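Here is the structure we will look at, set down as structure tokens.
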Amino acid sequence: MTDELAVGTALSVSRRRDLVDQWLAEVDASEDTRTTYRIGLMHFMDWLQETGAAEINAATIRAWRDSIDLSPSSVNLRLSAVRSFFAWIVEQGLMPMNPAAGIKGATRRGTSKSHKRDELTAEEVLAVLENCNPNQSIGARDRAIIALMAYTGLRTVEVYRADVGDLKTRNGRLVLWVQGKGHETKDDYVVLPKPAERELRAWLRHRGKVRPSDPLFVSLSPRNHGERMSRAAIRAAIKQRYSDAGIVGETKTTHSLRHSAISNAIRHGATPTQAQAMARHSNVNTTLIYYHEISRTSNPAEDLISYGDED
């Protein structure tokens, strides 16, 4: 399997489609987004065949990116599909590393001023947490995952990569070192607020004796009990908790917990510098999108309009 993926021309059309279908079945996205991802990924596979690329590496992906004659946003959407696909391939153990990790997108002419995912309300976050029974191992595990994401802004991939040994003490605070999106090492950390720390410790009590190298979150199913939870399993667990708590809608996904954390911190006074550090955004303009979204509805210019006829 690894040899097949390393040599792009060796992948038959049917084999490509099988792999893409498997990946898309696990993607936490709307049907429209899945369709767009499929188009982008198949364009990449077709390009490999047309150019006779001998192998898939960073240089190959850059060359493909530069060959796309579309808007920067469309190019980046296709690159995102390829990057996510190969992250999944690595997760399945079919390749040793993601060749698309760290590949920069096309330069944008402007920055999007809104997100495609909705945040959860404070009431919804609490409802999801309350839906997890901390007296049961699976409830304690899911509660810890949700609390970490809702109180620190972790991404799903960062939850997936976390090990027990990544928990450290820094200046008297419990922190979790993380390997962020596109990073090769665990080179940044999030600070655990008391609610997140409490839920994490409750889960570790259920775990019993653990080693630093053990995954922080493991499967509890009979088929693969004790193994690292996959990203698909993490998403499935959270989506089930959403459903049980009565939270519905395609725009409320596992990533909504990250949006909730960042937005909530801003509403309670976090400065752009603080919010950027928590979110681990490389560009502060990405962080400022959150400020724009919050200000747009909490303090809109429309409310300042007056023609002298107000009551």
Side-chain angles (χ1 to χ4, degrees), residues 26 28-30 115-160 162 164 166-167 173-176 178 190-208 210 215-222 225-226 228-270 275 278-279 290 293-294 297-298:
E26 299 185 9
D28 181 24
S30 68
H115 291 104
K116 295 181 179 179
R117 296 288 181 267
D118 287 343
E119 63 177 294
L120 302 185
T121 66
E123 291 76 13
E124 286 175 329
V125 171
L126 293 177
V128 176
L129 287 170
E130 290 170 2
N131 187 257
C132 307
N133 185 349
N135 296 318
Q136 299 174 346
S137 292
I138 191 168
R141 183 199 67 187
D142 292 355
R143 194 176 173 101
I145 291 172
I146 292 165
L148 269 181
M149 297 180 77
Y151 283 98
T152 70
L154 285 186
R155 302 176 177 90
T156 304
V157 68
E158 293 166 342
V159 174
Y160 159 74
V164 173
D166 296 330
L167 291 166
R173 296 293 301 273
L174 184 66
V175 303
L176 177 69
V178 298
V190 293
V191 181
L192 274 63
K194 292 300 180 183
E197 182 177 344
R198 180 178 63 247
E199 302 303 342
L200 186 58
R201 292 192 186 282
W203 158 238
L204 290 175
R205 285 197 294 272
H206 279 275
R207 290 282 299 277
V210 291
L216 189 56
F217 295 105
V218 297
S219 170
L220 297 176
S221 67
H225 192 280
R228 184 184 300 274
M229 283 185 79
S230 68
R231 289 189 295 173
I234 293 169
R235 287 193 292 265
I238 294 175
K239 290 178 74 173
Q240 184 60 54
R241 297 296 180 179
Y242 279 11
S243 178
D244 293 344
I247 298 170
V248 296
E250 286 192 344
T251 58
K252 292 193 174 181
T253 69
T254 54
H255 203 67
S256 295
L257 290 168
R258 174 172 166 80
H259 285 333
S260 302
I262 299 169
S263 297
N264 193 283
I266 291 171
R267 288 194 182 94
H268 287 87
M278 183 189 84
Y290 288 88
E293 288 184 337
I294 292 170
T297 53
S298 64

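None of the values given here were measured: they were computed from a predicted structure.
- With a 4.5 Å cut-off on side-chain heavy atoms, His225 and Leu220 count as touching.
- For the atom pair Ile262 CD1 and Arg267 CZ, the distance stands at 12.0 Å (nearest 0.5 Å).
- Side-chain atoms of Glu158 come within 3.5 Å of backbone atoms of Arg155 as a donor-acceptor pair (strictly under, hydrogens ignored).
- Summarising the local packing, OH of Tyr242 is surrounded by more than 12 heavy atoms from other residues, nucleotides or ligands at distances under 6.0 Å.
- The structure places OH of Tyr290 at 9.0 Å from CD of Glu119, a figure rounded to the nearest 0.5 Å.
- Between the side chain of Ser256 and the main chain of Thr253, a donor-acceptor pair closer than 3.5 Å is present.
- The side-chain heavy atoms of Val159 and Met149, taken from C-beta on, include a pair separated by under 4.5 Å.
- Taking 4.5 Å as the limit, some side-chain heavy atom of Leu120 sits within range of a side-chain heavy atom of Ile247.
- At least one donor-acceptor pair under 3.5 Å links the side chain of Ser298 to the backbone N or O of Ile294.
- Scanning both residues, Arg141 and Ala237, for their nearest heavy atoms gives NH2-CB, 4.3 Å.
- Within the 3.5 Å criterion, the main-chain N or O of Thr121 finds a donor-acceptor partner in the side chain of Glu124.
- Using a 4.5 Å heavy-atom threshold, the side chains of Thr152 and Met278 count as separate.
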Quiz item: Run the side chain to side chain contact (heavy atoms under 4.5 Å, CB included) check on Arg173 and Leu192 step by step: do they pass?
Solution: CA-CA 7 Å; Arg173 296 293 301 273; Leu192 274 63; 6.0 Å; no
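- Scanning all heavy atoms of the two residues, the minimum distance from Pro215 to Val164 falls at O-CG2, 3.8 Å.
- The minimum heavy-atom distance linking Leu129 with Arg143 is given by the pair O-NH1, 2.6 Å.
- Tyr151 OH to Glu199 CD: the interatomic distance, rounded to the nearest 0.5 Å, is 8.0 Å.
- A distance of 4.5 Å separates CD in Glu197 from NZ in Lys194, rounded to the nearest 0.5 Å.
- Ile146 CD1 to Asn131 CG: the interatomic distance, rounded to the nearest 0.5 Å, is 8.0 Å.
- When every heavy atom of Phe217 is checked against every heavy atom of Ala144, the shortest pair comes out as CE2-CB, 3.8 Å.
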Quiz item: Would Val175 and Val190 count as a side chain to side chain contact (heavy atoms under 4.5 Å, CB included) if you check the C-alpha gap in whole Å, the side-chain angles of each, and the deciding distance to 0.1 Å?
Solution: CA-CA 6 Å; Val175 303; Val190 293; over 6 Å; no
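- With a 4.5 Å cut-off on side-chain heavy atoms, Leu174 and Arg201 count as touching.
- Of all the heavy atoms in His206 and Ala140, the pair that sits closest is CD2-CB, 3.4 Å.
- Distance check: Leu176 CG to Leu200 CG gives 7.5 Å after rounding to the nearest 0.5 Å.
- Residues Tyr160 and Ile234 have side chains in contact (heavy-atom distance under 4.5 Å, counting atoms from C-beta outward).
- A salt bridge is absent between Arg241 and Glu130: the closest approach of a Lys/Arg side-chain nitrogen to an acidic carboxylate oxygen does not fall below 4.0 angstrom.
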Quiz item: Asp118 and Lys252: salt bridge (charged side-chain N to carboxylate O under 4.0 Å, His left out), yes or no, with the steps?
Solution: CA-CA 5 Å; Asp118 287 343; Lys252 292 193 174 181; 5.7 Å; no
Self-check item: Worked check of side chain to side chain contact (heavy atoms under 4.5 Å, CB included) between Arg235 and Thr156
Solution: CA-CA 7 Å; Arg235 287 193 292 265; Thr156 304; 4.1 Å; yes
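- A heavy-atom distance below 4.5 Å is found between the side chains of Ile138 and Asp142.
- The shortest heavy-atom contact between Met229 and Ser219 is CG-N, 3.6 Å.
- Between Leu167 and Leu216 there is a side-chain heavy-atom pair separated by less than 4.5 Å.
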